[in-house]
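To find a chain, count down the sequence lines: A is the first, B the second, and so on, and within it residues start at 1. Since the structure is predicted, the reported quantities are computational estimates derived from the model, not experimental observations.
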2 protein chains.
Amino acid sequence: MWDVRGEVLKRAVIEALGERTLRFSELRNEVEGVSHKMLTQNLRMLERNGLVDRKAHPTVPPRVEYTLTDPGRALRTVVDAICGWTHQHLGHIESARGRFGA
Amino acid sequence: MWDVRGEVLKRAVIEALGERTLRFSELRNEVEGVSHKMLTQNLRMLERNGLVDRKAHPTVPPRVEYTLTDPGRALRTVVDAICGWTHQHLGHIESARGRFGA
DNA sequence: CTGTATCCGGTTTGATACTG
DNA sequence: CAGTATCAAACCGGATACAG
């Protein structure tokens, strides 16, 4: 449940950012298991939708920082609600799976 | 955003069921645009995770009714939060898209 | 009516190589 | 370090046919 591709990754990014500002590579470490490509792709999407702010420093080597915008931070509430629900009902879900698989 | 495949459909099913009990065909009408296959597949998933209760009446023709379980109903709150957030920030998102695409 | 199985085309993804 | 381009493999969803 809710563990379907793209969405989970976006959620993970939002959770990872929280109130912080992170560089691309930091984000990549934070959200484990994500490929270079997917992270880029999803960050572009989040940026495009105005949920994430991208700040590139014209240095060498490059340094790019990502931060949640206001709407992005507002989304954290929703993400937290999802996490809360999951935490609260995980037991039920797992036992349901157990009965089903049996 | 959030409009990615499987998840939307599960949300739609949860919204459609609400407090009601619906038959397969009723659900199919309620969630428009969903294919026979996808609806079945997602209902199985929801059932497997204990979010939806499936009650089959051994009649001819068959009559199968779906209802949200307690965890399933609890999820409605989360779904509503998502809808609320979307409603609240849609303007911002669209203007962000506009700036980006330009 | 409800549900399963199969085939098939489009989409998505990870790996890899390359740029500034 | 951050990002793009390309390509084959895996995945997914719709259409269709069939069953109880």
Inset, instruction - Please confirm whether the backbone N or O of R76(B) pairs with a side-chain atom of W85(A), one donor and one acceptor, at under 3.5 Å? - result: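 Not confirmed, W85(A) side chain does not pair with R76(B) backbone.
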
Legend entry - Donor-acceptor pair, side chain of T69(A) and main chain of G50(A), under 3.5 angstrom: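 Pair found, side chain donor or acceptor close to backbone of G50(A).
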
Please state how far atom [atom1] in [X] lies from atom [atom2] in [N], giving the value in whole angstrom units.
{"X": "F24(A)", "N": "dG20(C)", "atom1": "CZ", "atom2": "C1'", "value": "15 Å"}
{"X": "L39(A)", "N": "dG14(C)", "atom1": "CG", "atom2": "C1'", "value": "14 Å"}
{"X": "E7(B)", "N": "dT12(C)", "atom1": "CD", "atom2": "C1'", "value": "16 Å"}
{"X": "R23(B)", "N": "dC1(C)", "atom1": "CZ", "atom2": "C1'", "value": "7 Å"}
{"X": "H57(A)", "N": "dG3(D)", "atom1": "NE2", "atom2": "P", "value": "13 Å"}
{"X": "E65(B)", "N": "dC1(C)", "atom1": "CD", "atom2": "P", "value": "15 Å"}
{"X": "L27(A)", "N": "dC1(D)", "atom1": "CG", "atom2": "C1'", "value": "14 Å"}
{"X": "N42(B)", "N": "dG3(C)", "atom1": "CG", "atom2": "C1'", "value": "15 Å"}

Inset, instruction - Name the nucleic acid region contacted by R44(B), choosing base, sugar-phosphate or nothing; use a 4.0 angstrom heavy-atom cut-off, strictly under. - result: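 Here R44(B) touches the backbone only, sparing every base.
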
Inset, instruction - Classify the nucleic acid contact of R54(A) as base, sugar-phosphate or nothing, counting any heavy atom under 4.0 Å across all strands shown. - result: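 Sugar-phosphate contact only.
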
Legend entry - Contact check, side chains of R44(A) and R54(A), non-hydrogen atoms, under 4.5 Å: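 Sidechains of R54(A) and R44(A): in contact.
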
Legend entry - V52(A) and L68(A), any side-chain heavy atoms less than 4.5 Å apart: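 Of all side-chain heavy-atom pairs linking V52(A) with L68(A), at least one is under 4.5 Å.
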
Legend entry - Member of T40(A), V34(A), L39(A) meeting the side-chain contact (heavy atoms from CB on, under 4.5 Å) criterion with H36(A):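 With H36(A) as partner, side-chain contact (heavy atoms from CB on, under 4.5 Å) holds for just one option, T40(A).
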
Legend entry - Option from V13(B), L43(B), L22(B) for which side-chain contact (heavy atoms from CB on, under 4.5 Å) with Y66(B) holds: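 The side-chain contact (heavy atoms from CB on, under 4.5 Å) with Y66(B) is passed solely by L43(B) among V13(B), L43(B), L22(B).
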
Legend entry - Proximal nucleotide (of dG3(C), dC1(C), dA2(D)) relative to the T40(B) side chain: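 Of all the options, the side chain of T40(B) is nearest to dG3(C).
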
Report each atom pair, protein N/O against N/O of nucleotides 14-16 of chain D, whose distance is under 3.5 angstrom.
unit_1, atom_1, unit_2, atom_2, d
dG14(D), OP2, S35(B), OG, 3.0
dG14(D), N7, K37(B), NZ, 3.3
dG14(D), O6, K37(B), NZ, 2.1

Inset, instruction - Please figure out whether Q41(A) or P62(A) has its closest DNA chain C nucleotide nearer the 5' end. - result: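 Taking each residue's closest nucleotide, the earlier one in sequence belongs to Q41(A).
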
Inset, instruction - Determine the sole option in H89(B), E94(B), R97(B) for which the side-chain hydrogen bond (donor to acceptor under 3.5 Å, both in side chains) test with N49(A) is passed. - result: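 That would be R97(B); it is the only one of H89(B), E94(B), R97(B) passing the side-chain hydrogen bond (donor to acceptor under 3.5 Å, both in side chains) with N49(A).
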
